[in-house]
Amino acid sequence: MNHLLIALDFSQFSPLVENIGYTMAKRLNAKVTLVTIVNKSIDYEPIVTGQVFTDNWEARQYLANENLAKVKLAHPDIETNVVSFIGDPQEDIIDLAIKNHAKFIVIGTHGRTGLTNFLLGSTAEYIIKHSIIPVMVVPYKMESH
């Protein structure tokens with residue numbers, strides 16, 4: 001069976017990546033690995049989750065798991081495996097795709113690092129340059145105000 005890896009960071013553009021990834025999965029009759037990697041290199045601001053965590057990375061992973069579960073529930077017709085952990089999104093997304101024999105990686109061009117690398121985004125750029133698996137890049141359009 002075909003297999004896609006859809007990487008989400010839950011930025012404001014993640015629903016677009018989700019929709020395109022799941023549309024692609026339906027057309028290819030593919031199962032999905034839905035992934036969020038909490039970047040261990042970012043010093044996240046404290047967040048309130050209603051739970052007690054030893055650090056902000058664990059709190060972010062808890063929220064990632066909750067959000068990934070919601071995405072999975074929204075697509076009951078597609079076999080979906082949810083994965084999240086604390087790590088390096090650039091390398092871990094590629095490694096996970098290889099490990100799961102994914103046919104494609106679906107990722108957005110901008111996420112939390114959109115202002116750092118304006119044209120593409122550092123994670124997407126790294127994955128495009130280093131992945132041996134085809135990458136479907138979902139761009140977003142800047143709205144003019």
Side-chain angles (χ1 to χ4, degrees), residues 1-117 120-128 130-143:
M1 176 181 237
N2 289 327
H3 187 175
L4 301 179
L5 185 138
I6 302 173
L8 298 178
D9 63 3
F10 296 104
S11 66
Q12 64 182 346
F13 303 104
S14 285
L16 181 61
V17 176
E18 171 192 340
N19 290 335
I20 289 174
Y22 273 97
T23 298
M24 190 174 173
K26 285 179 189 174
R27 289 188 180 155
L28 295 173
N29 191 30
K31 64 181 179 177
V32 168
T33 294
L34 193 58
V35 63
T36 296
I37 310 295
V38 178
N39 193 333
K40 66 183 178 186
S41 300
I42 294 177
D43 188 19
Y44 292 105
E45 293 292 321
I47 56 173
V48 177
T49 63
Q51 306 289 323
V52 177
F53 298 99
T54 58
D55 59 47
N56 286 318
W57 295 286
E58 287 181 4
R60 296 286 173 173
Q61 185 178 9
Y62 173 82
L63 289 177
N65 285 330
E66 284 191 336
N67 288 327
L68 291 171
K70 289 176 188 173
V71 171
K72 180 180 177 177
L73 285 174
H75 303 279
D77 54 330
I78 303 290
E79 180 183 342
T80 301
N81 180 37
V82 171
V83 176
S84 76
F85 55 88
I86 301 164
D88 176 356
Q90 294 178 338
E91 293 185 6
D92 291 336
I93 289 170
I94 294 170
D95 291 346
L96 189 60
I98 292 168
K99 178 182 168 189
N100 287 291
H101 307 287
K103 300 293 182 199
F104 290 96
I105 298 170
V106 181
I107 191 166
T109 55
H110 285 77
R112 299 190 198 302
T113 60
L115 295 176
T116 304
N117 278 10
L120 191 58
S122 60
T123 299
E125 182 178 14
Y126 182 92
I127 290 170
I128 291 165
H130 295 92
S131 179
I132 60 171
I133 295 169
V135 180
M136 165 67 83
V137 178
V138 180
Y140 77 91
K141 295 182 179 172
M142 299 287 291
E143 292 184 27

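Everything numeric in this text was worked out from a predicted model, so none of it was measured. Quick note: residue numbers are just sequence positions, from 1.
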Report summary line: Rounding to 0.5 Å, atoms CZ (Arg60) and CG (Asn39) come to a distance of 11.5 Å

**Report entry** Thr33 side chain vs Asn81 backbone, donor-acceptor pair below 3.5 Å
**Finding:** no

Report summary line: Note: Asp9 and Ser14 closest approach over all heavy atoms is OD1-OG, 3.0 Å

**Report entry** CD1-CE distance between Ile6 and Met136, expressed to the nearest 0.5 angstrom
**Finding:** 10.5 Å

Requested in this report: List in chain and number order the residues that pass side-chain hydrogen bond (donor to acceptor under 3.5 Å, both in side chains) with Glu18, two or more places apart in sequence or in another chain; answer none if no residue qualifies.
Outcome: His75

Report summary line: In terms of heavy-atom contacts, Asn2 and Leu28 come closest through ND2-O, 2.9 Å

**Report entry** Pairwise distance OG1(Thr36) to CD1(Ile93) - rounded to 0.5 angstrom
**Finding:** 8.5 Å

Report summary line: Here the pair of heavy atoms bringing Val106 nearest to Met24 is CG2-SD, 4.1 Å

Query raised in the report: Is there any ring pair (Phe, Tyr, Trp, His ring centres under 6.0 Å) pair reaching into residues 79-109, and which pairs are they, with sequence neighbours excluded?
Result: none

Query raised in the report: What residues form a side-chain hydrogen bond (donor to acceptor under 3.5 Å, both in side chains) with Asn65, not counting sequence neighbours?
Result: Ser84

Report task. Could you tell me which residues satisfy side-chain contact (heavy atoms from CB on, under 4.5 Å) with Ala102, sequence neighbours excluded, listed by chain and number? Result -> Leu5, Ala97

Report summary line: To the nearest 0.5 Å, atom CD1 of Ile94 lies from atom CD1 of Ile105 at 6.0 Å

Query raised in the report: For residues 78-87, which residue pairs qualify under salt bridge (charged side-chain N to carboxylate O under 4.0 Å, His left out), counting only residues two or more places apart or in two chains?
Result: none

**Report entry** Summary of salt bridge (charged side-chain N to carboxylate O under 4.0 Å, His left out) pairs that have at least one residue in residues 91-109, sequence neighbours excluded
**Finding:** none

Report summary line: dist Ile37:CD1 -> Thr123:OG1 (nearest 0.5 Å) comes out at 10.0 Å

Query raised in the report: Got a sec, which residues hit side-chain contact (heavy atoms from CB on, under 4.5 Å) with Asn19, two or more places apart in sequence or on another chain?
Result: none

Query - Straight-line distance of Leu73 CG to Leu68 CG, nearest 0.5 Å - result: 11.0 Å

Query - Ser131: side-chain hydrogen bond (donor to acceptor under 3.5 Å, both in side chains) partners, not counting sequence neighbours - result: none

Query raised in the report: What pairs meet the side chain to side chain donor-acceptor pair (under 3.5 Å) rule with one or both residues in residues 22-32, with sequence neighbours excluded?
Result: Tyr22-Thr80

